[in-house]
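What follows is a short report on a single structure.
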Amino acid sequence: MMTTAYVTPSPHTVKQWQLECLGLLAENTVKSIRVSSSKIQTTGSLNTRFSTWTPIANKSFNKQLFEERVSLISHWFNLWTDKQRKQFLHRMLMRCSKSQLKFTQNWLAEKIPVTKVDFTRVLPRFISLYIFSFLSPRELCAAAQVNWHWKFITEQDCLWVPKCVKFGWFLPYTPADNEYSAWKRHYIACASSLDYFTPREATEIYGTLNEPKAENEEQEERLREKWLRKIIRERLALHKKELFKARLPWMSGTWSSRFFKSRLQPSQAQTIQDRARLQAALQLIREKSALSNHTLSMLLSEEMKLAAEKQLVLASLKTLPKRKNVTGSRSDPVLPYKHCQRVYQKHSSFAYPLEPYLVLISSRIPAYEMVLDSIKPGVIPVLYEHCGLTLESLLFYIEKALDGRKAKSIGIFSDGNSREINLLQGCRISIENILSPEVREFWEKLGCVMSPEEGGYVDIFVPLAASEAGMEVLSQLTQLTGVLFRTPTGIATGSYQHILSEWLGKQKDGPPTSTYFTEVKLQTWLRMTELLEEALKSVRKQMRPYLSELQKSISDRIIGQVMFDAVSRTKVHTSQETALTFTDGLADLSKRSFDKKLQKDTADRRTRIARELLTSEKNYVHMLETVRDVYVTPLKAALASNRAILSHANVQIIFSDILDALQLNRQFLNELTERLQEWSPSQCLGEIFTQFGWQLQTYTNFFNNYTVILKTIDMCRETIPLFRAFLKRHDKTVVTNMMSLQELLLCPSKRFEEYLNLLYALRLHTPSEHADREDLTAAIKMMKQYKEYIDQLKLNMSKDEQMLNAQRIIQGCPNLLEANRYLIRIQDVTQFSCCSEEICVSFRLYEHISDLSLFLFNDALVISNRSISYVPFERTPKTTYQFLASVALHRLVVEDIPCSKYIKNAFILQGPKRQWICSIEDEDDKFTWLSALQSAINCSIEKN
């Protein structure tokens, strides 16, 4: 009874009733369902699943019911609207598992294959913009016509701003936030207003279309081709000679030593001896020593290892290549790369004739940019740094600018007068040093780069022909070089107007100025130098009253010194007439009236300087009191009221030292005030400064903790919002004289420089017999020593900052902060590996491995791996450094790799455990790097 009662209202009868009402069930199906249901009722086996009320035991009946229900749902699905169908599909897909959804996806991919996809709707917006950034303006306009979505993306300002800025087209206003495609409209407006010509119009204006060349141009092209063939043949012959030098015919093809031969080959016996010595040194370095006991033999063996190691490193430095100059000798560069010369070439080297004109322009020339702009086409300008350059380096730059050619004429545009040429700093060419070895070698080699044909000159834009000493210099130069020299004959007035005067020597083609420069632009530059000279005259006129009294005070001492230099002391004592003359002169000099006036003026100036000292001290103390009143007092009041902005420890770290300095300077100010209230010409101030100097330990504590103070302020500002708001209210106000807290804390370091300047001025106007003279000298010495201490502290802080920066950017780097260690140079190189070490050096193949960065310190070389990553819409790439190794400089061996067909500008760094084959992109960078590395290794070996 219970089973029957449960089955009667079962869903199967309800579904049957629904199907019968719709006429979807046949009579046979109805009968079979009833029979099966009666069987289930009689047997009592009602194993059903609650979710679908589907019987489990009878599989055929289960399948039949499933098909009937699918047909029912399909019938309902056909009767629904499109919106209802979508809702039904959405609910069904939400109920599906991942495997069912994957099945649906595969089925849809088979039925509806994807042939075209709009990537702007699939990819993120910034990636789509990055893709469109590679299109030209014409292509962007074409892409904007695809659809509205592409039009919106291609008209973004981030795509059109770089294209406008590239041509210098800037928007004259700032676009509003809701303004759209402003830069695109600006680009179209600017492009539409450009003037352009068709080829026919350009032909009518310029006459460049199918115009036959003149006979002179064809002849010049033939000569240029002939010259190129000659240069190629010479270089091939030179290359063959170098190959023969690299491998001597009586020696084997392999070389056991890892050092490469230089071009200046030593003798065979010396080579074998050096090779054996270096191999023995390498063997000693690679042996591991275990110092179990400190016996005499072990100590001697250790000293032998160190000596052999130093010998190896020094031998490797001697094998490094030297820079080749005109005569074939070599020399290392001594300048950093930032002071190297700059060769301004507006055209390629083939645009110049076979024998071009060359002009050297010194950076000491005022407004040398205008001089460069006035150079004629076809003239090679070489602008060189006046400071820090040597004659040998200048000669190398001349050879590099000529590129193997001979110069027809060379102009030297530098500073000087009628007696000497101020060619370089510390190198004035005059009759005294013209025959010195360095100067003589320079001019002889300069004559070698001149053309052997007649008509070549060296034009010096210095008026040497205006004096006899200058004419002697010219004659000596002509004998050294074998070339004629031309110089202006005008008098040097400082405004370079002598350039326009008559020149010494033959002038077939006009004055030399017309050979190198455009007359109009050179005249403009000369007028500007005249204005500078007039301005200097007015400055001299205004400074003359201040300097005249100083000149009077020292003129007598200079006369006396000159007299004693010309007349010896013995002659003065032995000659009675000379002694009487000196006595009368000194008596008359003491009776001069201007001595009293000078003493009065000196006293007045000393009084003014003392008052200036008092005024500046009051201002400085007022600045320290501002720090106390504006910052310290409110912070301590907040601590007392339990509303602390900063903790007591942070307040003490930041302000304790500056408050002690305030107390010291207030005491010093009171003493200055008392002295000046009772001021007289005999009053002394040096004693006060000496006592003040003995109490500078307070400032020593402040300067030692200055870095900690700044870091504490930055940390509290970032972590404590109340302190950040406090600084925002009090920084850069009228009370603080528009300065921040950090700027106020810089005042003590500036104050000591003011002390030193005021003490120098006070001693200058204090007579030598004054009682305060000795105390002022002692105070100046004390302040100068303390100022040097502050400067050294700043230098150490900057070096530590560089070390911390290097420590921060090199990932995985060990601790670099050590005493007396500082960073010298950072060099980016490329690392290679040799694929075939057994063959000849010039035929070895190399494979690129990675990019390295070399951090050169004064005692070690840190090698790191460099990787560069690019981010969309950012011009600057991101560079990361990964630590690889660190080698002590006294254990580093450097070897040069000769340039070949397969590698350029390469060298080897050999450490105790491994080696690195490195290459630098530029030849000048390589020589500069090797020069700095060589100097650092020598200094490290001397210290060790």
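We number each residue from 1, following the sequence as shown.
- Side chains of Glu801 and Asn805: a donor-acceptor N/O pair is absent below 3.5 angstrom, by distance only.
- Between Tyr789 and Tyr786, the distance separating the two ring centers is shorter than 6.0 angstrom.
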Could you go step by step and tell me if Ile688 and Arg675 meet the side-chain contact (heavy atoms from CB on, under 4.5 Å) rule? CA-CA 9 Å; Ile688 301 176; Arg675 291 292 177 93; 3.2 Å; yes
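- Between Leu526 atom CG and Gln523 atom CD the span is 6.0 Å, to the nearest 0.5 Å.
- Residue-environment remark: CD (Glu753) stays at or below the threshold of 12 foreign heavy atoms within 6.0 Å.
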Run the side-chain contact (heavy atoms from CB on, under 4.5 Å) test on Leu762 and Leu685 for me, step by step, so that the C-alpha distance in whole Å, both residues' side-chain angles and the decisive distance to 0.1 Å come before the verdict. CA-CA 9 Å; Leu762 190 62; Leu685 295 178; 3.9 Å; yes
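- The backbone N or O of Leu613 lies less than 3.5 Å from a partner atom in the side chain of Ser616, making a donor-acceptor pair.
- Between the side chains of Thr673 and Asn670, not a single donor N or O lies within less than 3.5 Å of an accepting N or O.
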Would you sort out whether Ile790 and Phe703 count as a side-chain contact (heavy atoms from CB on, under 4.5 Å), showing the intermediate values? CA-CA 8 Å; Ile790 296 174; Phe703 289 122; 3.6 Å; yes
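- Donor-acceptor pairing under 3.5 Å is recorded for the side chains of Thr766 and Arg606.
- The minimum heavy-atom distance linking Gly693 with Met782 is given by the pair CA-SD, 3.2 Å.
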Under the side-chain hydrogen bond (donor to acceptor under 3.5 Å, both in side chains) rule, what do Asn650 and Ser647 come out as? Steps first, then yes or no, please. CA-CA 5 Å; Asn650 288 331; Ser647 64; 3.1 Å; yes
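- A donor and an acceptor atom, one from each side chain of Tyr384 and Ser393, are nowhere located under 3.5 Å apart.
- Of all heavy-atom pairs spanning Val630 and Phe726, the tightest one is O-CZ, 3.7 Å.
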Is there a salt bridge (charged side-chain N to carboxylate O under 4.0 Å, His left out) between Asp714 and Arg717 once you walk through the steps? CA-CA 5 Å; Asp714 295 336; Arg717 184 196 291 111; 3.1 Å; yes
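- One N or O on the side chain of Gln807 and one on the backbone of Leu816 form a donor-acceptor pair closer than 3.5 Å.
- Between Thr607 and Arg611, some side-chain heavy-atom pair lies under the 4.5 Å cut-off.
- Shown here is Glu369, whose CD atom has more than 12 heavy atoms of other residues, nucleotides or ligands within 6.0 Å.
- If you take CG on Leu614 and NZ on Lys618, they are separated by 4.5 Å, rounding to the nearest 0.5 Å.
- Side-chain contact, Tyr620 with Glu625: no donor N or O sits under 3.5 Å from an acceptor N or O.
- Within a 6.0 Å radius of CD in Glu774, other residues, nucleotides and ligands contribute 12 heavy atoms or fewer.
- Counting heavy atoms from C-beta outward, Phe413 and Ile499 have side chains that approach closer than 4.5 Å.
- Formation of a donor-acceptor pair under 3.5 Å by the Gln683 side chain with backbone atoms of Glu678 is found in this model.
- Tyr699 and Asn665 form a side-chain donor-acceptor contact under 3.5 Å, judged by distance and modelled atom types alone.
- For Lys787, the NZ atom is densely surrounded, since the number of other residues' heavy atoms within 6.0 Å is greater than 12.
- Scanning all heavy atoms of the two residues, the minimum distance from Lys784 to Tyr760 falls at CD-OH, 3.9 Å.
- Heavy-atom neighbours of Glu743 CD from other residues, nucleotides or ligands within 6.0 Å: above the threshold of 12.
- Counted by atom type alone, Trp525 and Ser374 present zero donor-acceptor pairs between their side chains at under 3.5 Å.
- Looking at Asn858, its side chain never comes within 3.5 Å of a backbone N or O of Ala936 through a donor-acceptor pair.
- Side-chain contact between Cys427 and Leu391 is present, with at least one heavy-atom pair separated by less than 4.5 Å.
- Residues Leu793 and Asn704 meet the side-chain proximity criterion, which asks for heavy atoms closer than 4.5 Å.
- A donor-acceptor contact closer than 3.5 angstrom links the side chains of Glu432 and Ser430.
- Phe668 and Tyr755 have perpendicular rings, their planes meeting at more than 60° on a 0 to 90° scale where under 30° would count as parallel.
- To the nearest 0.5 Å, atoms CG (Asn820) and CZ (Phe857) are separated by 14.5 Å.
- Taken from NZ in Lys732 to OG in Ser740, the straight-line distance is 5.5 Å, to the nearest 0.5 Å.
- In this structure a side-chain-to-backbone donor-acceptor pair under 3.5 Å is missing from Arg825 to Ala932.
- Of the N and O atoms on the side chains of His386 and Asp415, not one donor lies less than 3.5 Å from an acceptor on the other residue.
- Contact record, Arg428 with Asn433: O-ND2, 2.6 Å, taken as the closest heavy-atom pair.
- Atom CD of Glu687 and atom CG of Asp775 lie 6.5 Å apart (nearest 0.5 Å).
- Of the possible donor and acceptor atoms, one in the side chain of Arg773 sits under 3.5 Å from a partner among the backbone N and O of Arg763.
- Using a 3.5 Å distance cut-off with no hydrogens or angles, the side chains of Arg724 and Thr719 do not pair a donor with an acceptor.
- When side chains are defined from C-beta on, Val621 counts as touching Leu662, because their heavy atoms get closer than 4.5 Å.
- With a 4.5 Å cut-off on side-chain heavy atoms, Leu464 and Met471 do not count as touching.
- With no hydrogens or angles considered, no side-chain donor-acceptor pair links Asn701 and Asp657 at under 3.5 Å.
- Between the side chains of Tyr822 and Asp859, no donor-acceptor pair of N or O atoms lies under 3.5 Å.
- When atom types are taken as modelled, the side chain of Asn417 and the backbone of Arg419 share a donor-acceptor pair closer than 3.5 angstrom.
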Chi angles and distances behind the side-chain contact (heavy atoms from CB on, under 4.5 Å) call for His648, Leu639: CA-CA 7 Å; His648 184 268; Leu639 278 172; 4.2 Å; yes
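- Judged by distance alone, the side chain of Asp660 and the main-chain N or O of Thr698 form no donor-acceptor pair under 3.5 Å.
- Between Phe655 and Leu741, the closest side-chain pair of non-hydrogen atoms falls below 4.5 Å.
- Heavy-atom contacts from other residues, nucleotides or ligands closer than 6.0 Å to CZ of Arg643 number 12 or fewer.
- Between Asp731 and Thr736, the shortest heavy-atom distance links the atoms C-OG1, 4.4 Å.
- Between the side chain of Thr733 and the backbone N or O of Arg729, no donor-acceptor pair lies under 3.5 Å.
- With rounding to the nearest 0.5 Å, the separation of CG in Asn619 from CZ in Arg751 is 8.5 Å.
- Between Phe692 and Phe752, the ring planes are parallel. Angles under 30° get that label, and only those over 60° would be called perpendicular.
- In terms of heavy atoms, Ala644 sits closest to Leu722 at O-CD1, 4.2 Å.
- For the pair Ser414 (side chain) and Ser362 (backbone), a donor-acceptor distance under 3.5 Å is absent.
- Applying the 6.0 Å contact sphere to CZ of Arg821 captures more than 12 heavy atoms from other residues, nucleotides or ligands.
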